Amino acid sequence: MTPTPKPTPPDQDKLRPHVFDGDIQEYDKRLPNWWLMTLYGAIVFWAGYWFYYERAHYGPTNAAAVEQQLAIIEAKRLAATPAVDDASLWKMSRNPVFVEAGRATFNSTCVSCHTEKLTGGIGANLVDQLWIHGGKPTEIYATVTNGVLAKGMPPWGPVLGGKKITEAVAYVLSYHQEGEPIEVQAAWVPIAPK
Ligand code: HEC
(Lines give C-alpha, C1' and ligand atoms only; values in the text may rest on other atoms or scores of the structure.)
Protein backbone atom coordinates (compact mmCIF):
# COMPACT_ATOMS: atom_id res chain seq x y z
CA MET A 1 0.00 0.00 0.00
CA THR A 2 1.42 3.44 -0.95
CA PRO A 3 0.81 6.15 1.58
CA THR A 4 -0.15 9.48 0.11
CA PRO A 5 2.62 12.11 0.46
CA LYS A 6 2.16 14.17 3.57
CA PRO A 7 1.57 17.91 3.05
CA THR A 8 4.68 20.02 3.68
CA PRO A 9 4.59 22.50 6.57
CA PRO A 10 5.42 26.02 5.30
CA ASP A 11 8.80 26.29 7.16
CA GLN A 12 10.16 22.99 5.72
CA ASP A 13 11.64 21.85 2.42
CA LYS A 14 9.05 20.43 0.03
CA LEU A 15 8.56 16.66 0.00
CA ARG A 16 9.08 15.10 -3.39
CA PRO A 17 6.11 13.18 -4.71
CA HIS A 18 7.73 9.72 -5.05
CA VAL A 19 7.83 7.09 -2.31
CA PHE A 20 10.19 4.09 -2.05
CA ASP A 21 9.69 0.82 -0.23
CA GLY A 22 6.38 1.79 1.13
CA ASP A 23 7.19 4.89 3.16
CA ILE A 24 10.63 6.33 2.35
CA GLN A 25 10.20 9.85 1.09
CA GLU A 26 12.66 12.58 0.03
CA TYR A 27 12.77 16.29 0.74
CA ASP A 28 13.53 18.52 -2.21
CA LYS A 29 16.45 20.22 -0.46
CA ARG A 30 18.20 23.21 -1.96
CA LEU A 31 21.92 22.54 -2.56
CA PRO A 32 24.05 24.34 0.04
CA ASN A 33 25.88 27.45 -1.12
CA TRP A 34 29.37 26.06 -0.46
CA TRP A 35 28.50 23.17 -2.76
CA LEU A 36 27.19 25.44 -5.51
CA MET A 37 30.24 27.73 -5.21
CA THR A 38 32.53 24.74 -5.62
CA LEU A 39 30.67 23.72 -8.77
CA TYR A 40 30.63 27.22 -10.29
CA GLY A 41 34.24 27.76 -9.24
CA ALA A 42 35.25 24.55 -11.00
CA ILE A 43 33.46 25.67 -14.15
CA VAL A 44 35.18 29.07 -14.10
CA PHE A 45 38.55 27.37 -13.47
CA TRP A 46 37.92 24.98 -16.33
CA ALA A 47 37.20 27.85 -18.72
CA GLY A 48 40.36 29.72 -17.68
CA TYR A 49 42.53 26.62 -17.80
CA TRP A 50 41.20 25.63 -21.20
CA PHE A 51 41.81 29.10 -22.61
CA TYR A 52 45.33 29.40 -21.10
CA TYR A 53 46.67 26.00 -22.18
CA GLU A 54 44.51 24.75 -25.05
CA ARG A 55 43.33 27.85 -26.84
CA ALA A 56 45.88 30.64 -26.41
CA HIS A 57 48.81 28.31 -25.68
CA TYR A 58 50.26 30.70 -23.08
CA GLY A 59 51.28 27.76 -20.92
CA PRO A 60 53.72 25.09 -22.12
CA THR A 61 52.37 21.80 -23.39
CA ASN A 62 53.09 18.76 -21.26
CA ALA A 63 55.74 17.66 -23.73
CA ALA A 64 57.44 21.07 -23.63
CA ALA A 65 57.35 21.13 -19.83
CA VAL A 66 58.99 17.71 -19.71
CA GLU A 67 61.65 18.80 -22.23
CA GLN A 68 62.42 21.88 -20.12
CA GLN A 69 62.84 19.79 -16.99
CA LEU A 70 65.02 17.26 -18.82
CA ALA A 71 67.21 20.07 -20.17
CA ILE A 72 67.70 21.39 -16.64
CA ILE A 73 68.63 17.92 -15.37
CA GLU A 74 71.02 17.38 -18.27
CA ALA A 75 72.54 20.82 -17.71
CA LYS A 76 73.27 19.91 -14.08
CA ARG A 77 74.83 16.63 -15.12
CA LEU A 78 76.96 18.30 -17.81
CA ALA A 79 78.04 21.04 -15.43
CA ALA A 80 79.28 18.36 -13.07
CA THR A 81 81.44 16.81 -15.83
CA PRO A 82 84.95 17.61 -14.68
CA ALA A 83 86.81 17.36 -18.00
CA VAL A 84 85.94 19.68 -20.87
CA ASP A 85 86.09 17.63 -24.06
CA ASP A 86 84.68 17.96 -27.57
CA ALA A 87 81.76 15.60 -26.94
CA SER A 88 80.54 17.31 -23.78
CA LEU A 89 80.91 20.79 -25.32
CA TRP A 90 78.79 19.69 -28.30
CA LYS A 91 76.17 18.35 -25.91
CA MET A 92 76.16 21.63 -23.98
CA SER A 93 75.67 23.51 -27.24
CA ARG A 94 72.37 21.63 -27.79
CA ASN A 95 71.18 22.32 -24.23
CA PRO A 96 69.00 25.43 -23.92
CA VAL A 97 70.09 26.10 -20.33
CA PHE A 98 73.76 26.34 -21.34
CA VAL A 99 73.07 28.22 -24.55
CA GLU A 100 70.93 30.83 -22.79
CA ALA A 101 73.54 31.37 -20.07
CA GLY A 102 76.21 31.60 -22.79
CA ARG A 103 74.16 34.10 -24.77
CA ALA A 104 74.01 36.34 -21.69
CA THR A 105 77.79 36.20 -21.19
CA PHE A 106 78.44 36.69 -24.89
CA ASN A 107 76.11 39.67 -25.12
CA SER A 108 77.71 41.39 -22.16
CA THR A 109 81.36 40.50 -22.84
CA CYS A 110 81.97 39.57 -26.46
CA VAL A 111 79.54 41.50 -28.68
CA SER A 112 81.60 44.68 -28.65
CA CYS A 113 84.17 42.95 -30.88
CA HIS A 114 82.30 39.98 -32.39
CA THR A 115 78.88 41.66 -32.88
CA GLU A 116 75.50 40.39 -31.75
CA LYS A 117 75.13 38.14 -34.79
CA LEU A 118 78.68 36.81 -34.24
CA THR A 119 79.58 37.77 -37.78
CA GLY A 120 82.67 39.67 -36.76
CA GLY A 121 83.91 43.23 -36.45
CA ILE A 122 87.06 43.98 -34.54
CA GLY A 123 87.00 40.30 -33.60
CA ALA A 124 86.72 37.34 -35.96
CA ASN A 125 83.55 35.91 -37.48
CA LEU A 126 82.43 33.03 -35.26
CA VAL A 127 79.58 31.67 -37.37
CA ASP A 128 81.41 30.82 -40.57
CA GLN A 129 83.45 27.66 -40.95
CA LEU A 130 86.78 29.47 -41.16
CA TRP A 131 88.86 29.29 -38.01
CA ILE A 132 92.23 30.87 -37.29
CA HIS A 133 92.91 28.98 -34.09
CA GLY A 134 90.98 25.77 -34.77
CA GLY A 135 87.26 25.08 -34.87
CA LYS A 136 87.10 22.04 -32.62
CA PRO A 137 85.18 22.76 -29.40
CA THR A 138 88.25 22.29 -27.21
CA GLU A 139 90.30 24.54 -29.50
CA ILE A 140 87.66 27.27 -29.29
CA TYR A 141 87.61 26.81 -25.52
CA ALA A 142 91.40 27.23 -25.43
CA THR A 143 91.30 30.36 -27.62
CA VAL A 144 88.69 31.99 -25.40
CA THR A 145 90.54 31.03 -22.22
CA ASN A 146 94.02 32.10 -23.35
CA GLY A 147 93.12 34.81 -25.86
CA VAL A 148 95.36 36.01 -28.68
CA LEU A 149 96.62 39.14 -27.05
CA ALA A 150 98.91 40.19 -29.91
CA LYS A 151 95.90 40.27 -32.23
CA GLY A 152 93.56 42.00 -29.82
CA MET A 153 91.64 39.02 -28.37
CA PRO A 154 91.86 39.26 -24.58
CA PRO A 155 92.42 36.13 -22.44
CA TRP A 156 89.09 35.47 -20.76
CA GLY A 157 90.15 32.67 -18.41
CA PRO A 158 91.05 34.89 -15.45
CA VAL A 159 88.08 37.19 -16.05
CA LEU A 160 85.24 34.75 -16.59
CA GLY A 161 86.36 31.45 -15.12
CA GLY A 162 85.71 27.96 -16.48
CA LYS A 163 81.93 27.84 -16.10
CA LYS A 164 81.18 31.04 -17.98
CA ILE A 165 83.68 30.23 -20.70
CA THR A 166 82.11 26.80 -21.14
CA GLU A 167 78.71 28.44 -21.53
CA ALA A 168 79.99 31.06 -23.97
CA VAL A 169 81.66 28.35 -26.07
CA ALA A 170 78.41 26.31 -26.01
CA TYR A 171 76.64 29.43 -27.28
CA VAL A 172 79.13 29.88 -30.14
CA LEU A 173 78.84 26.17 -30.98
CA SER A 174 75.04 26.42 -31.06
CA TYR A 175 75.59 28.20 -34.40
CA HIS A 176 77.49 25.16 -35.71
CA GLN A 177 76.90 21.50 -36.42
CA GLU A 178 79.05 18.66 -35.25
CA GLY A 179 80.96 17.28 -38.23
CA GLU A 180 80.68 20.38 -40.43
CA PRO A 181 83.85 21.21 -42.39
CA ILE A 182 86.47 23.28 -40.55
CA GLU A 183 88.60 25.46 -42.81
CA VAL A 184 91.76 27.26 -41.89
CA GLN A 185 91.80 31.03 -42.03
CA ALA A 186 95.20 32.71 -41.98
CA ALA A 187 94.23 35.92 -40.23
CA TRP A 188 91.28 38.09 -39.38
CA VAL A 189 91.08 41.47 -41.07
CA PRO A 190 89.06 43.68 -38.71
CA ILE A 191 85.93 45.21 -40.19
CA ALA A 192 85.62 48.88 -39.30
CA PRO A 193 82.55 49.48 -37.13
CA LYS A 194 79.74 51.10 -39.13
C1 HEC B 1 88.44 43.46 -27.49
C2 HEC B 1 87.84 42.73 -28.58
C3 HEC B 1 87.39 41.31 -28.33
C4 HEC B 1 86.56 40.83 -27.35
C5 HEC B 1 85.85 41.63 -26.27
C6 HEC B 1 86.42 39.42 -27.60
N7 HEC B 1 87.15 39.04 -28.66
FE8 HEC B 1 87.26 37.17 -29.45
N9 HEC B 1 88.60 37.86 -30.86
C10 HEC B 1 89.01 39.15 -30.99
C11 HEC B 1 89.96 39.24 -32.09
C12 HEC B 1 90.65 40.51 -32.60
C13 HEC B 1 90.09 37.94 -32.61
C14 HEC B 1 90.98 37.47 -33.76
C15 HEC B 1 92.28 36.96 -33.19
C16 HEC B 1 93.26 36.63 -34.30
O17 HEC B 1 93.24 37.25 -35.35
O18 HEC B 1 94.08 35.72 -34.04
C19 HEC B 1 89.22 37.09 -31.80
C20 HEC B 1 89.09 35.73 -31.96
C21 HEC B 1 88.20 34.93 -31.26
C22 HEC B 1 88.06 33.51 -31.48
C23 HEC B 1 88.86 32.67 -32.47
C24 HEC B 1 88.24 32.69 -33.82
C25 HEC B 1 89.01 31.85 -34.83
O26 HEC B 1 88.74 31.99 -36.03
O27 HEC B 1 89.86 31.04 -34.42
C28 HEC B 1 87.07 33.09 -30.64
C29 HEC B 1 86.52 31.69 -30.53
C30 HEC B 1 86.64 34.24 -29.88
N31 HEC B 1 87.36 35.34 -30.28
C32 HEC B 1 85.65 34.21 -28.90
C33 HEC B 1 85.40 35.27 -28.06
C34 HEC B 1 84.50 35.19 -26.95
C35 HEC B 1 83.68 33.95 -26.56
C36 HEC B 1 84.51 36.40 -26.34
C37 HEC B 1 83.79 36.82 -25.09
C38 HEC B 1 84.05 36.06 -23.90
C39 HEC B 1 85.40 37.25 -27.10
N40 HEC B 1 85.91 36.54 -28.12
C41 HEC B 1 85.64 38.58 -26.81
C42 HEC B 1 88.61 40.22 -30.25
C43 HEC B 1 87.78 40.17 -29.14
Side-chain angles (χ1 to χ4, degrees), residues 53 56-194:
Y53 285 102
H57 299 290
Y58 291 136
T61 62
N62 283 345
V66 168
E67 297 253 312
Q68 268 174 18
Q69 289 304 318
L70 285 176
I72 292 170
I73 293 169
E74 198 204 26
K76 289 205 175 125
R77 194 179 302 150
L78 286 170
T81 315
V84 175
D85 55 29
D86 287 341
S88 61
L89 283 168
W90 275 122
K91 264 196 209 138
M92 291 167 190
S93 74
R94 306 296 118 164
N95 183 294
V97 179
F98 269 93
V99 172
E100 275 316 302
R103 188 199 309 275
T105 300
F106 195 93
N107 285 348
S108 63
T109 317
C110 321
V111 279
S112 53
C113 295
H114 290 281
T115 74
E116 207 167 326
K117 298 212 159 104
L118 287 69
T119 44
I122 298 167
N125 183 328
L126 303 177
V127 289
D128 62 9
Q129 293 163 3
L130 304 170
W131 296 95
I132 310 162
H133 303 286
K136 283 204 300 199
T138 39
E139 290 169 332
I140 299 171
Y141 185 92
T143 310
V144 179
T145 306
N146 306 323
V148 191
L149 209 47
K151 297 289 184 63
M153 165 71 179
W156 293 104
V159 183
L160 295 177
K163 179 168 181 286
K164 287 208 162 147
I165 291 182
T166 307
E167 291 162 355
V169 172
Y171 175 60
V172 172
L173 285 172
S174 73
Y175 286 84
H176 295 270
Q177 296 294 330
E178 194 170 358
E180 72 183 12
I182 294 171
E183 289 165 41
V184 178
Q185 186 176 25
W188 175 250
V189 182
I191 306 169
K194 276 166 216 142

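As the structure is a computational prediction, the values presented were derived from the model and not from experiment. Only this structure's heavy atoms are used, side chains among them; waters, hydrogens and symmetry mates stay out. Ligands are counted one by one from 1 in listed order, and the atoms in each one are counted from 1 as well.
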Checking a contact table here: which protein heavy atom is nearest [atom], and how many Å away?
{"atom": "atom 41 (C) of ligand 1", "answer": "W156 NE1, 3.3 Å"}
{"atom": "atom 27 (O) of ligand 1", "answer": "H133 N, 2.8 Å"}
{"atom": "atom 11 (C) of ligand 1", "answer": "G123 CA, 3.5 Å"}
{"atom": "atom 42 (C) of ligand 1", "answer": "G152 O, 3.4 Å"}
{"atom": "atom 26 (O) of ligand 1", "answer": "I132 N, 2.8 Å"}
{"atom": "atom 8 (Fe) of ligand 1", "answer": "H114 NE2, 2.0 Å"}

Out of all atoms in ligand 1, which are within 4.0 Å of some heavy atom of [X]? Include the element for each.
{"X": "T109", "value": "5 (C)"}
{"X": "I140", "value": "29 (C)"}
{"X": "I122", "value": "12 (C)"}
{"X": "L126", "value": "22 (C), 24 (C), 28 (C), 29 (C), 30 (C), 32 (C)"}
{"X": "C110", "value": "34 (C), 35 (C), 36 (C), 37 (C), 38 (C), 39 (C), 41 (C)"}
{"X": "C113", "value": "1 (C), 2 (C), 3 (C), 4 (C), 5 (C), 42 (C), 43 (C)"}

Checking the N or O distance criterion of under 3.5 Å, is ligand 1 in contact with N125?
no
[atom1]/[X] to [atom2]/[Y] distance, rounded to the nearest 0.5 angstrom?
{"X": "I132", "Y": "Q185", "atom1": "CD1", "atom2": "CD", "value": "5.0 Å"}
{"X": "K91", "Y": "D85", "atom1": "NZ", "atom2": "CG", "value": "8.5 Å"}
{"X": "M153", "Y": "N146", "atom1": "CE", "atom2": "CG", "value": "9.5 Å"}
{"X": "E167", "Y": "L78", "atom1": "CD", "atom2": "CG", "value": "11.5 Å"}
{"X": "L173", "Y": "I140", "atom1": "CG", "atom2": "CD1", "value": "4.5 Å"}

In sequence, state the C-alpha distance, the side-chain angles, and the governing distance for L118 and F106, and then conclude on side-chain contact (heavy atoms from CB on, under 4.5 Å).
CA-CA 9 Å; L118 287 69; F106 195 93; 3.7 Å; yes
Identify whether the distance between the nearest side-chain nitrogen and carboxylate oxygen of R103 and E100 falls below 4.0 Å.
yes
E67 atom CD, over 12 foreign heavy atoms within 6.0 Å:
no
Within 6.0 angstrom of R94 CZ, more than 12 heavy atoms from elsewhere:
yes
Taking the minimum heavy-atom distance to atom 30 (C) of ligand 1, which of K164, E167, M153, Q185 ranks first?
M153
Of E139, Q129, K151, which has the heavy atom at the shortest distance from atom 12 (C) of ligand 1?
K151
Any side-chain to backbone donor/acceptor pair from [X] onto [Y]? Under 3.5 Å, distance only.
{"X": "H176", "Y": "L126", "value": "yes"}
{"X": "S88", "Y": "V84", "value": "no"}
{"X": "W188", "Y": "N125", "value": "no"}

Report the part of [X] in contact with ligand 1, treating N, CA, C, O as backbone and CB onward as side chain, heavy atoms under 4.0 Å; options are side chain, backbone, both, neither.
{"X": "T143", "value": "side chain"}
{"X": "P154", "value": "side chain"}
{"X": "V169", "value": "neither"}
{"X": "L160", "value": "side chain"}
{"X": "W131", "value": "both"}

